[in-house]
Amino acid sequence: IDHKISIYEEIHEINSRRFDINYKLGNLYGKYKNDIPKALKYLKAAANINPENKDVCKDLGVACGMAGQFDESIKWLKKAIILEPNDHTLYINLGISYQRAGNLNKAKECFIKAEQIKK
């Protein structure tokens, strides 16, 4: 993982406007290094380049939730749902963010919707 990050960071220094490089760095830092601040930095850059990518919206929503930024998490997960309305995991993640933000009614709605889609 460290070797991959090193290579992607070298490419990023050459061209920081590449969606794929920013997304991959955000994913690697978040998923494998649990470095949420760096993950957010790269995922936000990727989202600025391509805000219509479901995967970056989902990962950004999860990373924001892990950082305790629940309003941002909810915003990005809602956008991901617009782009991919039949992904039940998006509703689960959204429900968790609502739950952690203290909105239990909205969380319950999301969990019910996830179950309906999963069937």
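Reckoned from all heavy atoms, side chains included, excluding hydrogens, waters and symmetry mates.
- Using the six-membered ring where Trp is involved, Tyr42 and His12 have ring planes that are perpendicular, over 60° apart on the 30 and 60° scheme.
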Open item on the list: Applying side-chain contact (heavy atoms from CB on, under 4.5 Å) to Lys108 and Gln99, what does each step give before you reach the verdict?
Closed with: CA-CA 8 Å; Lys108 184 178 177 181; Gln99 189 175 45; over 6 Å; no
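- Looking at heavy atoms from C-beta onward, Ile74 lies out of side-chain contact with Lys106 at the 4.5 angstrom threshold.
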- [ ] Quick one: do Ile14 and Glu10 satisfy side-chain contact (heavy atoms from CB on, under 4.5 Å)? Show the steps, please.
- [x] CA-CA 7 Å; Ile14 296 166; Glu10 285 181 30; 5.7 Å; no
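- In terms of heavy atoms, Phe70 sits closest to Ala101 at CB-CB, 3.8 Å.
- Proximity of Glu84 to Cys57: side-chain heavy atoms (C-beta onward) are nowhere separated by under 4.5 Å.
- Note that OH of Tyr8 is 11.5 Å distant from OH of Tyr23, once rounded to the nearest 0.5 Å.
- To the nearest 0.5 Å, the span separating CD1 on Ile92 from CG on Asp87 amounts to 8.5 Å.
- Nearest heavy atom pair, residue Ser16 against residue Asn22, reads O-ND2, 2.8 Å.
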- [ ] Mind running side-chain contact (heavy atoms from CB on, under 4.5 Å) on Leu94 and Lys113 for me, showing each step along the way?
- [x] CA-CA 11 Å; Leu94 182 58; Lys113 183 69 173 175; over 6 Å; no
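- Looking at heavy atoms from C-beta onward, Asp59 lies out of side-chain contact with Lys31 at the 4.5 angstrom threshold.
- Minimum interatomic distance between Cys64 and Glu72 (heavy atoms only, all atoms of both residues): SG-CB, 3.8 Å.
- Asn50 has its side chain out of reach of Val56: every pair of non-hydrogen atoms, C-beta onward, lies at least 4.5 Å apart.
- Cluster membership check: Leu77 does not share its hydrophobic cluster with Leu83, using side-chain heavy-atom separations under 4.5 Å among Ile, Leu, Val, Met, Phe, Trp and Tyr.
- Rounding to the nearest 0.5 angstrom, the gap separating the CG atom in Asn86 from the OH atom in Tyr91 is 7.5 Å.
- The pair Lys118-Glu115 does not meet the salt-bridge criterion, since no charged nitrogen lies less than 4.0 angstrom from a carboxylate oxygen.
- Taking 4.5 Å as the limit, some side-chain heavy atom of Ile96 sits within range of a side-chain heavy atom of Phe111.
- Put simply, the side chain of Lys44 reaches to within 4.5 Å of the side chain of Leu60, judged on heavy atoms.
- By the neighbour-count criterion of 12 heavy atoms within 6.0 Å, atom CG of Asn15 is densely surrounded, having more than that number from other residues, nucleotides or ligands.
- Residues Ile117 and Tyr98 fall within the same hydrophobic cluster, defined by Ile, Leu, Val, Met, Phe, Trp and Tyr side chains chained together at heavy-atom separations under 4.5 Å.
- Here the closest non-hydrogen pair linking Ser97 and Ser73 is OG-OG, 2.6 Å.
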TODO: Given side-chain contact (heavy atoms from CB on, under 4.5 Å), test Lys38 with Leu25 step by step and report yes or no.
DONE: CA-CA 8 Å; Lys38 280 191 178 177; Leu25 280 167; over 6 Å; no
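- Residue Asp20 forms a salt bridge (charged side-chain N to carboxylate O under 4.0 Å, His left out) with just one option from Arg18, Arg17, Lys24, and that option is Arg18.
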